[in-house]
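Here's the structure we're looking at; comments come further down.
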Amino acid sequence: MCSADVRAQYEAYPYPERKPTDERKRLVTGSPSLPVEMDHWLWGGARDWSQPLRVLVAGGGTGDALIQLAQLLTDAGRPYDITYLDLSQASRQIAEKRAKVRKLDGITFVTGSLLDAASYGPFDYIDCCGVLHHLPDPQAGFDALAAALAPNGGMGIMVYAPHGRSGVYALQNAFGRLFEGLEPRQRLKRAKAVYKALPDAHPFKRNVRVVDHEQGDAGFYDLLLHSQDRPFSITELSNALERAGLELAGTPEPMLYDPTPLVGDCGAMPMLERMQLAEDLRGTFKTHVVYARHAGGGLAPPMGAPDAVPHLRGVDAEMLAAHVAKMGNIAIDTAGSAFSFDVTPDAATVLRRVDGRACLAEIGAGVEAFDDVWAQVEAALCGAGMMHYSRILL
Ligand SMILES: C[S@@+](CC[C@H](N)C(=O)[O-])C[C@H]1O[C@@H](n2cnc3c(N)ncnc32)[C@H](O)[C@@H]1O
């Protein structure tokens with residue numbers, strides 16, 4: 001189910017705003033749904049990629065996750081079969097055009113509700129990004145996706161988080177009351193006029209980390225005029241997963257969910273409480289991106305395992321190695337929080353050997369106390385989502 005307002009919104013303003021011809025210039029990438037990151041969190045870095053990956057992109061919008069997955073799997077020469085599912089015809093048309101510009105095949109486009117996901121499955125992987133918090137009954141969405149997931153399958157989910165969206169819900173409430181009954185284009189015009197008159201002290205105007213309203217009409221509408229939008233704390237998200245028979249497998253930047261840099265040792269505090277503490281203390285999370293799987297299933301990332309194959313993300317191995325050799329640390333600035341990890345000079349040697357093909361046994365050959373050196377590298381880079389394990393290129 002979906003409210004008439006939500007459907008009308010995404011027909012009028014497909015989200016996010018994308019021009020299919022831009023596919024000739026750039027690939028939009030991000031978490032979740034990067035194959036290497038999925039493998040790391042869901043399949044112990046050991047998925048057999050010669051087997052086709054059956055994927056559902058649930059609420060696929062204008063196609064970011066669809067295009068990312070299809071293109072990266074095509075580039076890696078790995079087989080896939082992707083079902084794109086969304087209520088909005090206008091969004092689907094844009095996603096289809098993007099796939100066409102890139103000459104991507106292996107995609108089935110479906111206009112329909114994710115509540116019927118099981119009838120298209122089962123799937124090895126489900127992407128559901130920015131959708132579940134827009135359902136009238138989000139739990140029904142979690143349950144429907146769980147029912148569509150194969151026994152060893154996994155999901156990448158993004159839902160909104162409350163603290164980093166301060167000011168958003170006050171404006172959604174006000175605009176919702178003011179513009180009830182108007183069609184989307186009138187709402188947008190009127191809301192933009194009122195927005196200009198808001199005082200600079202409004203919590204939303206003070207919230208410099210939320211910028212979607214500056215990214216075109218679809219961005220403004222999705223952020224401030226949505227009629228169905230509820231954020232989840234990490235505890236609420238974990239509870240929703242649990243009720244659907246799922247469990248949290250990991251988060252792309254686990255160091256952000258660790259409160260110890262802020263408060264010191266947390267003793268025996270359970271993991272979810274620690275994560276909630278970090279969310280409350282940091283106060284900046286706009287979203288939660290998590291990987292999930294059926295409860296009790298799945299494999300942990302293969303930290304330090306000799307046959308594990310590391311990949312770097314978003315950083316050049318040579319540049320990082322040069323920095324490490326000069327400074328003796330790995331410095332990371334992520335989501336407004338800065339971290340620095342001391343590492344030994346040998347870390348530069350091993351980082352130069354990370355190419356997505358060499359396993360740890362090969363990377364460590366001839367390096368004294370490799371396990372210790374590597375543990376430092378792992379703590380910094382895996383913690384920041386800058387390194388993952390996968391055998392996808394072998
Ligand atoms: C905020 S957009 C996110 C699009 C895309 N997942 C992304 O992250 O770029 C939400 C999308 O979910 C779709 N949607 C909302 N409710 C849905 C439902 N019950 N079943 C399928 N799609 C739905 C909307 O049409 C819209 O395209």
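- Here H213 and Y221 keep their ring centres 6.0 angstrom or further from each other.
- Of all heavy-atom pairs spanning R102 and L27, the tightest one is NH2-CA, 3.3 Å.
- For K19, there are no salt bridge (Lys or Arg N to Asp or Glu O under 4.0 Å) partners, not counting sequence neighbours.
- Residues in residues 168-191 take part in these salt bridge (charged side-chain N to carboxylate O under 4.0 Å, His left out) pairs, two or more places apart or across chains: D5-R187.
- Applying the side chain to side chain donor-acceptor pair (under 3.5 Å) definition to pairs two or more places apart or across chains, those involving residues 349-369 are E318-R352.
- Under the side chain to side chain contact (heavy atoms under 4.5 Å, CB included) criterion, L248 pairs with L241, M275, V290, sequence neighbours left out.
- Inspection of the S33 and Q68 side chains reveals no N or O donor paired with an N or O acceptor under 3.5 Å.
- By the side chain to side chain contact (heavy atoms under 4.5 Å, CB included) test, D265 is found to be paired with no residue, residues two or more places apart in sequence or in another chain being considered.
- The list of side chain to side chain donor-acceptor pair (under 3.5 Å) pairs with a residue in residues 143-160, not counting sequence neighbours, reads Q139-D143, Y160-D222.
- With sequence neighbours excluded, no residue forms a salt bridge (Lys or Arg N to Asp or Glu O under 4.0 Å) with K196.
- Under the side-chain hydrogen bond (donor to acceptor under 3.5 Å, both in side chains) criterion, Y120 pairs with no residue at all, not counting sequence neighbours.
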For residues 51-59, which side-chain donor-acceptor pairs fall under 3.5 Å, sequence neighbours excluded?
unit_1	atom_1	unit_2	atom_2	d
R54	NE	D124	OD1	3.4
R54	NE	D124	OD2	3.1
R54	NH2	D124	OD1	2.7

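- By the 30° and 60° cut-offs, the orientation of the rings of F339 relative to F341 is parallel.
- Defined by atom type and a distance below 3.5 Å, a donor-acceptor pair is present between the side-chain atoms of E37 and Y291.
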Just list the side-chain donor-acceptor pairs under 3.5 Å for residues 386-394, sequence neighbours left out, or say none.
unit_1	atom_1	unit_2	atom_2	d
Y389	OH	W374	NE1	2.8
Y389	OH	E378	OE2	2.5
S390	OG	D39	OD2	2.7
S390	OG	I392	N	3.1
R391	NH1	D307	O	2.5

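- Among residues at least two apart or in separate chains, salt bridge (charged side-chain N to carboxylate O under 4.0 Å, His left out) pairs with a member in residues 273-284 are D258-R274.
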Please report the C-alpha distance between R165 and D229 in whole Å, then the side-chain angles of each, then the deciding distance to 0.1 Å, and finally whether the salt bridge (charged side-chain N to carboxylate O under 4.0 Å, His left out) criterion is met. CA-CA 11 Å; R165 288 167 64 81; D229 177 340; 2.9 Å; yes

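- With sequence neighbours left out, the salt bridge (Lys or Arg N to Asp or Glu O under 4.0 Å) criterion links R92 to E96.
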